[in-house]
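Remarks on the structure that follows.
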Amino acid sequence: MLWLISAWIAGTTAILGSLMVLGSLILLVAPAQPRSRNPQQSPPTSHPWLQRLKLLAVSLAIALAGLGILLVVPFPSY
């Protein structure tokens with residue numbers, strides 16, 4: 001039962017992390033939104049690509065953690 005729960009959590013983490021990696025890679029390719037001419041409407045972001053790289057790093061960490069748990073926890077042999 002413990003193996004089933006850990007495999008379910010690790011599999012869900014690996015799948016969602018890999019989908020987040022794909023989404024963040026698409027976001028890296030997408031052009032940034034143009035800045036508004038009125039500076040009081042939206043605060044300026046100095047480097048939007050840096051935030052996208054942070055998102056990619058977090059999503060990679062989540063996907064690798066899920067895959068790592070799946071590799072570490074073997075199927076129980078009775």
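Atoms considered below: every heavy atom in the structure, side chains included; atoms not considered: hydrogens, waters and symmetry mates. Treat the numbers as computed from the prediction; the structure is a model and nothing was measured.
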Exercise. Say you draw a straight line from CD of Q51 to CG of L27; how long is it, rounded to the nearest 0.5 Å?
Worked result: 10.0 Å
For this session: Indicate, with yes or no, if V72 and F75 share a hydrophobic cluster defined by side-chain heavy-atom contacts under 4.5 Å among Ile, Leu, Val, Met, Phe, Trp and Tyr.
Result: no
Problem set entry | Side-chain heavy-atom pair L56, L28 within 4.5 angstrom cut-off | yes
Exercise. Which atom pair, heavy atoms only, marks the closest approach of S18 to A63?
Worked result: N-CB, 3.7 Å
Exercise. Hey, quick one: are W49 and V21 part of the same hydrophobic cluster, counting side-chain heavy atoms closer than 4.5 Å, chains of contacts allowed?
Worked result: yes
Problem set entry | Spacing of K54 atom NZ and H47 atom NE2 [to the nearest 0.5 Å] | 10.5 Å
For this session: Please answer: with hydrophobic residues joined when any side-chain heavy atoms are less than 4.5 Å apart, are L55 and I26 in the same cluster?
Result: no
Exercise. Which heavy atom of S6 sits nearest a heavy atom of I69, and at what distance?
Worked result: O-CG2, 4.3 Å
Problem set entry | Nearest-0.5 Å distance that lies between atom CG in L70 and atom CD1 in I9 | 11.0 Å
Problem set entry | From CG (L67) to CD1 (I62), nearest 0.5 Å | 12.0 Å
Exercise. Quick one: OG1 on T13 to CE on M20, what's the gap to the nearest 0.5 Å?
Worked result: 11.0 Å
Seminar exercise, completed: Smallest heavy-atom separation, W3 atom then P76 atom, equals CG-CD, 3.5 Å
Exercise. Could you state the interatomic distance from OG (S59) to CG (L16), rounded to the nearest 0.5 Å?
Worked result: 11.5 Å
